[in-house]
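Quick notes on the structure that follows.
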Amino acid sequence: MHCALVSRTLDLRSYFGKALDGIAEHIQAVDHPADDHAEQVQMALAWHPPADAFASYPNLKAVCTIGAGADNVLACPSLPPHVDVVRVVDPAQAEMMAGFILWHVIWHQRRFASFMAQQKAKIWKRLDQRRPQTVSVALLGYGQIGQRVAEELTALGFPVLAWSRTQKPLPANLRGFHGRDGLLTMLAETEVLVNLLPLTPETRGILNRDAFAAMRPGGYLIQVGRGEHLVEADLLAALQSGQLSGASLDVFAVEPLPQDHVFWHHPQVFMTPHDACDISVDALAATLMATATAVQAGERPPHAVDRQRGY
Ligand code: NDP
Ligand code: OXD
């Protein structure tokens with residue numbers, strides 16, 4: 001099976017060479033544009049593909065992403081309607097994401113930003129210690145990653161609220177919400193808001209003035225979904241007014257973040273460069289193999305996203 005490697009932002013072969021080498025016997029990776037093999041290409045591995053990328057491959061059946069989110073592949077104008085888009089579901093990534101988010105929740109709960117400022121000014125001063133039971137954490141998105149994050153947070157004693165599109169059964173120590181009304185009810189009880197949503201037409205711009213205003217005053221945002229979820233001007237205003245005390249941002253509408261962006265030196269913003277956690281090499285290799293097997297059998301690959309729903 002020929003698999004085209006398609007990205008305008010990453011060299012997929014050097015990024016995921018180990019995964020591709022490990023399955024080379026079954027899947028031959030060819031660099032886009034694979035003019036000599038265009039007819040043979042039945043699957044692609046893609047991340048931020050060029051707009052016209054998929055027009056070159058008349059026999060394309062499936063496109064795998066290199067992440068949990070498939071938004072940038074789904075947005076590609078040349079993606080034919082019948083092609084399956086497959087995302088990676090990786091428990092190792094969910095575990096790493098949980099650790100990353102936990103760290104930022106505790107950063108806020110234990111006032112580590114204040115301790116850092118005190119150290120810089122050589123101030124020896126103890127601060128109020130807040131028990132986790134008093135810091136409510138709301139998860140926007142209770143999917144593969146959100147469920148793992150919830151387990152870790154509840155184990156440490158944080159009250160966890162979870163928002164999803166559909167109503168679902170939850171463990172006794174979680175409170176679930178769904179739909180627009182559910183969102184507002186949840187936000188009224190939220191101190192730390194963690195965004196773990198896929199980017200879809202419904203979720204674009206969801207981190208906005210109304211959402212921040214509905215939260216408890218002095219709240220905190222942990223943004224690890226997609227940059228386009230956030231209305232940046234609304235975040236800056238909420239930080240300025242004190243409605244939010246701070247924000248940890250891993251994803252941005254423009255990546256890399258432009259050098260002159262205000263977030264680089266904002267005292268209440270903690271930034272990481274879209275590095276919360278990549279998928280593992282093993283998970284990618286398994287996804288590619290499962291997709292090739294399904295394509296060969298004329299079946300829908302596992303973890304193909306619902307293109308109508310957008311995730
Ligand atoms: P899943 O598809 O497993 O879960 C998505 C969750 O979002 C589900 O609970 C779903 O609800 C909910 N959701 C979707 N649309 C809506 C809506 N309109 N209203 C309310 N809830 C909604 O995704 P993952 O957990 O695997 O990943 C989530 C996202 O995290 C990715 O799409 C990506 O954007 C981001 N991510 C970022 C990384 C980083 O490095 N920063 C790394 C990995 C992921 P329901 O359960 O009802 O379907
Ligand atoms: C992902 C990501 O979606 O790393 O996996 O952003």
Side-chain angles (χ1 to χ4, degrees), residues 7 9-10 12 15-16 45-48 64-75 85-101 103-104 138-152 160-170 174 176-187 193-207 211 221-230 247-253 255 257 270-281 283-284 287 302-311:
S7 176
T9 58
L10 280 181
L12 294 174
Y15 213 69
F16 280 113
L45 177 64
W47 192 246
H48 290 282
C64 298
T65 74
I66 58 159
D71 47 287
N72 68 69
V73 172
L74 291 169
V85 174
V86 179
R87 75 189 193 101
V88 182
V89 172
D90 179 8
Q93 183 189 39
E95 180 182 55
M96 289 277 282
M97 290 291 285
F100 185 91
I101 289 162
W103 190 96
H104 287 276
L139 308 178
L140 296 178
Y142 185 66
Q144 296 292 331
I145 297 173
Q147 289 173 31
R148 185 62 207 259
V149 173
E151 277 172 28
E152 301 295 334
V160 177
L161 318 172
W163 188 63
S164 50
R165 192 177 56 84
T166 54
Q167 190 168 13
K168 41 187 24 133
L170 294 172
L174 286 195
F177 301 82
H178 68 283
R180 284 281 148 180
D181 292 348
L183 178 61
L184 287 178
T185 311
M186 180 180 80
L187 289 173
L193 183 63
V194 182
N195 178 34
L196 274 165
L197 288 166
L199 181 66
T200 69
E202 283 76 41
T203 65
R204 183 178 291 269
I206 194 163
L207 301 175
L221 172 68
I222 301 175
Q223 152 66 324
V224 288
R226 287 289 181 262
E228 295 89 336
H229 285 131
L230 175 66
S248 296
L249 309 177
D250 182 57
V251 289
F252 304 87
E255 295 180 2
L257 190 70
F270 191 120
M271 269 180 54
T272 42
H274 198 150
D275 207 13
C277 188
D278 288 341
I279 51 156
S280 62
V281 163
L284 180 61
T287 303
H303 305 308
V305 302
D306 179 334
R307 290 190 54 176
Q308 200 67 28
R309 210 175 55 169
Y311 71 100

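Each ligand, and each atom within it, is numbered from 1 in the order the structure gives.
The shortest N/O to N/O separation between R87 and ligand 1 falls below 3.5 Å. Not a single N or O atom of D71, backbone or side chain, sits closer than 3.5 Å to an N or O atom of ligand 1. The shortest N or O to N or O distance between Y142 and ligand 1 is under 3.5 Å. On a distance-only criterion, Q144 and ligand 1 share at least one N/O pair closer than 3.5 Å. An N or O contact shorter than 3.5 Å links V224 to ligand 1 by distance. Looking at ligand 1, you'll find an N or O of T166 within less than 3.5 Å of one of its N or O atoms.
Contacts of H178 with ligand 1, taken as heavy-atom pairs under 4.0 Å, are absent altogether. Contacts with ligand 1 closer than 4.0 Å are made by no heavy atom of L140, backbone or side chain. Residue contacts with ligand 1, taken as heavy atom pairs separated by less than 4.0 Å, do not involve A70 at all. Using a 4.0 Å cut-off between heavy atoms, E202 contacts ligand 1 through its side chain alone, with no backbone atom that close.
Of all protein heavy atoms, the one closest to atom 27 (O) of ligand 1 is I145 CD1, 3.7 Å. Ranking the protein heavy atoms by distance from atom 16 (C) of ligand 1 puts R165 CB, 3.7 Å first. Taking atom 15 (N) of ligand 1 as the reference point, the nearest protein heavy-atom neighbour is Y311 CE2, 3.7 Å. When only non-hydrogen protein atoms are considered, atom 46 (O) of ligand 1 lies nearest to K168 NZ, 2.2 Å. The nearest protein atom to atom 4 (O) of ligand 1, hydrogens excluded, is given as G143 CA, 3.2 Å; this is a heavy-atom distance. In this structure, the protein non-hydrogen atom closest to atom 43 (C) of ligand 1 is Q93 NE2, 3.3 Å. L196 O, 3.3 Å is the protein heavy atom nearest to atom 28 (C) of ligand 1. The nearest heavy-atom contact from the protein to atom 5 (C) of ligand 1 is P198 CD, 3.7 Å.
Comparing A162, G182, G69, G67 against atom 31 (C) of ligand 1, the shortest heavy-atom distance belongs to G69. Around atom 34 (O) of ligand 1, the closest heavy atom drawn from L199, V251, L197 belongs to L197.
Here the side chains of V85 and T65 are in contact, with some heavy-atom distance below 4.5 Å. Counting only heavy atoms from C-beta outward, the side chains of F16 and L10 never approach each other to under 4.5 Å. With contacts defined as side-chain heavy-atom distances shorter than 4.5 Å, the pair L230/L221 qualifies. At least one side-chain heavy atom of L139 sits under 4.5 Å from a side-chain heavy atom of V149. Within the 4.5 Å cutoff, side-chain heavy atoms of K168 are placed close to those of T166.
Remark: ligand 1 atoms within the under-4.0 Å shell around heavy atoms of A276 are 39 (C), 40 (O), 41 (N). Residue D250 approaches ligand 1 through these ligand atoms, each under 4.0 Å from one of its heavy atoms: 39 (C), 40 (O), 41 (N). Atom numbering of ligand 1 starts at 1 in the shown order; those under 4.0 Å from a heavy atom of A68 are 26 (O), 43 (C), 44 (C). Near H274, with a cut-off below 4.0 Å to any heavy atom, the atoms of ligand 1 are 39 (C), 40 (O), 41 (N). If you number the atoms of ligand 1 from 1 as listed, the ones under 4.0 Å from a heavy atom of C277 come out as 40 (O), 42 (C).
Protein residues with a heavy atom under 4.0 Å from ligand 2 are G67, A68, G69, Q93, R226, H274, C277.
Of the possible donor and acceptor atoms, one in the side chain of E255 sits under 3.5 Å from a partner among the backbone N and O of F252. Under a 3.5 Å cut-off, the side chain of T200 and the backbone N or O of T203 do form a donor-acceptor pair. Looking at Q93, its side chain does come within 3.5 Å of a backbone N or O of C277 through a donor-acceptor pair.
When the shell of 6.0 Å around CE of M271 is examined, it contains more than 12 heavy atoms from other residues, nucleotides or ligands.
Considering every non-hydrogen atom in both L193 and L140, the closest pair reads CD1-CG, 3.7 Å. Contact record, G179 with W163: O-NE1, 2.8 Å, taken as the closest heavy-atom pair.
Among residues two or more places apart in sequence or in another chain, the side chain to side chain contact (heavy atoms under 4.5 Å, CB included) test is passed with A276 by M97, F100, V224, D250. Taking T185 as the reference, nothing meets the side-chain hydrogen bond (donor to acceptor under 3.5 Å, both in side chains) condition, with sequence neighbours excluded. Residues passing the salt bridge (Lys or Arg N to Asp or Glu O under 4.0 Å) test with D71 are R226, sequence neighbours excluded.
Between the side chains of T9 and H48, no donor-acceptor pair is found at a separation under 3.5 Å. A donor-acceptor contact under 3.5 angstrom links the side chains of R165 and Y311, judged on distance only. Under 3.5 Å, the side chains of T287 and H303 contain no donor-acceptor pair of N or O atoms.
Taking the six-membered ring for Trp and the full ring otherwise, the centers of W103 and F270 sit less than 6.0 Å from each other.
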